[in-house]
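Labels below follow one simple rule: chain letters A, B, ... track the order of the sequence lines, proteins then strands, and each chain is numbered from 1.
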Protein chains: 2
Amino acid sequence: MTDLGASLARIVRRLMKAEEPVLRAHGLSMWAYAALSSLAERPATSQLALAKAIGYDKTRLIGLLDELAEAGLVVRERDPADRRSHIVRLTPAGESRHAAARADIRALEDDLLGALSPTEQRQFRAMLARLADES
Amino acid sequence: MTDLGASLARIVRRLMKAEEPVLRAHGLSMWAYAALSSLAERPATSQLALAKAIGYDKTRLIGLLDELAEAGLVVRERDPADRRSHIVRLTPAGESRHAAARADIRALEDDLLGALSPTEQRQFRAMLARLADES
DNA sequence: TATTGTTATACTCTATAACTATA
DNA sequence: TATAGTTATAGAGTATAACAATA
């Protein structure tokens with residue numbers, strides 16, 4: 001049987017390639033979308049926490065947040081309890097931008113999973129979520 | 001439900017991070033292992049065909065094959081039928097190097113899938129192979 | 001004219017270390 | 001002293017175009 005890593009990497013590459021132009025049409029990079037998605041679930045207590053949540057480097061997150069803030073999609077506020085930290089949250093514009101992008105992304109994902117039956121799709125998504133949550 | 005792309009990308013990143021040192025212990029990079037794996041199934045009729053088979057750039061494959069050839073793991077032969085093409089195949093040393101690395105990689109994969117039951121693992125691998133084969 | 005292999009170049013992405021301000 | 005955020009820089013990875021040999 002073929003390697004798990006090879007199959008996964010191939011699928012990810014194909015998905016990224018399909019999603020990239022769709023996100024760009026919304027004015028978002030892949031990492032920008034990842035950040036907005038995380039913030040849509042809940043605001044970040046610090047930039048470091050956000051970096052860990054999306055698996056991104058904290059030093060690169062800075063420039064990304066600069067752009068997102070300038071575009072009016074997120075706001076950074078100093079945490080009154082610990083003035084070293086920045087609380088990061090979506091603006092209303094950020095929320096709607098994310099929702100619009102997500103609808104298109106979701107359509108692409110369903111297309112990718114088209115080779116599977118509806119039941120299999122649910123199973124696959126569920127198993128994937130379990131594996132991704134592990135660490 | 002969480003994004004498919006985000007879950008997949010996270011799993012791939014985790015798997016790569018775990019596999020990279022294991023492969024390095026065998027003197028292989030991730031792409032070197034991908035190339036050996038493809039050649040282990042069948043020799044490549046051309047470098048271009050190998051590049052497509054593993055989803056790698058043809059211009060970067062050249063340096064990779066230079067290293068693998070110097071290490072005695074693969075050989076390049078001009079195709080007598082089309083002297084532009086190079087047929088690429090594993091040497092006996094390449095075959096055994098790949099088999100040894102693959103055994104270790106397989107153990108890592110089983111570990112990653114540990115959160116799933118044996119039945120689910122089979123289902124997951126099967127669905128993944130179908131999705132990866134699509135294109 | 002088109003394709004395979006190749007080289008060179010520029011560009012992006014990523015990792016590391018060092019600095020500041022707060023704690 | 002330790003941590004959050006920041007900056008700068010070097011290195012790895014990647015994409016693109018151009019060329020020689022062959023078809």
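- Taking 4.0 Å as the cutoff to heavy atoms of chain A, we find the contact window on DNA chain C bounded by C/dT14 to C/dA23.
- Note: A/Gln121 CD to A/Leu112 CG = 9.0 Å, rounded to the nearest 0.5 Å.
- The distance between atom CD1 of A/Ile62 and atom P of D/dA4, rounded to the nearest whole Å, is 12 Å.
- Heavy-atom nearest nucleotides on DNA chain D were determined for A/Asp82 and for B/Tyr56, and the one closer to the 5' end corresponds to A/Asp82.
- Distances shown here put every side-chain N or O of B/Arg60 at or beyond 4.0 Å from the OP1 or OP2 atom of D/dG13.
- For B/Glu77, the side-chain hydrogen bond (donor to acceptor under 3.5 Å, both in side chains) criterion is met by B/Arg89, not counting sequence neighbours.
- Taking 4.5 Å as the limit, every side-chain heavy atom of A/Glu67 sits out of range of all side-chain heavy atoms of A/Leu28.
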Please tabulate, one pair per line, all N/O donor-acceptor pairs under 3.5 Å involving side-chain atoms of residues 15-27 of chain A, not counting sequence neighbours.
| from | atom 1 | to | atom 2 | distance (Å) |
| --- | --- | --- | --- | --- |
| A/Glu20 | OE2 | A/Arg24 | NH1 | 3.4 |
| A/His26 | NE2 | A/Asp104 | OD2 | 2.8 |

Which donor-acceptor pairs under 3.5 Å do side chains of residues 48-59 of chain A form with protein atoms, sequence neighbours excluded?
| from | atom 1 | to | atom 2 | distance (Å) |
| --- | --- | --- | --- | --- |
| A/Asp57 | OD1 | A/Thr59 | N | 2.8 |
| A/Asp57 | OD1 | A/Thr59 | OG1 | 2.4 |

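- Under the rule for a side chain to side chain contact (heavy atoms under 4.5 Å, CB included), the partners of A/Ala71 that lie at least two apart in sequence or sit in another chain are A/Leu73.
- In this structure, the CG atom of B/Leu64 is 11 Å from the P atom of D/dG13, given to the nearest Å.
- Residues from residues 21-35 of chain B that place a heavy atom under 4.0 Å from any atom of DNA chain D, listed by number: B/Trp31.
- For the side chain to side chain donor-acceptor pair (under 3.5 Å) condition, the pairs that include at least one residue of residues 90-100 of chain B, sequence neighbours left out, are B/Ser37-B/His98.
- Taking CG of A/Asp3 as the reference point, atom CD of B/Glu109 lies at 5.0 Å (rounded to 0.5 Å).
- Within residues 38-48 of chain A, no residue places a heavy atom under 4.0 Å from DNA chain C.
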Atom pairs, protein N/O to nucleotides 16-21 of chain D N/O, distance under 3.5 Å:
| from | atom 1 | to | atom 2 | distance (Å) |
| --- | --- | --- | --- | --- |
| D/dT16 | O4 | B/Thr59 | OG1 | 3.4 |

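- A/Arg125 and A/Asp110 make their closest contact through NH2-OD1, 3.4 Å (heavy atoms, listed as atom of the first residue, atom of the second, distance).
- Contacts classified as ring-ring contact (aromatic ring centres under 6.0 Å, His included) and involving residues 58-95 of chain A (residues at least two apart or in different chains) are not found.
- When side chains are defined from C-beta on, B/Leu36 counts as touching B/Leu68, because their heavy atoms get closer than 4.5 Å.
- Put simply, CD on B/Glu67 is 14 Å from C1' on D/dG13, counting in whole angstrom units.
- Among residues two or more places apart in sequence or in another chain, the side-chain hydrogen bond (donor to acceptor under 3.5 Å, both in side chains) test is passed with B/Asp79 by none.
- For residues 109-129 of chain B, the pairs satisfying ring-ring contact (aromatic ring centres under 6.0 Å, His included) are A/Phe124-B/Phe124, with sequence neighbours left out.
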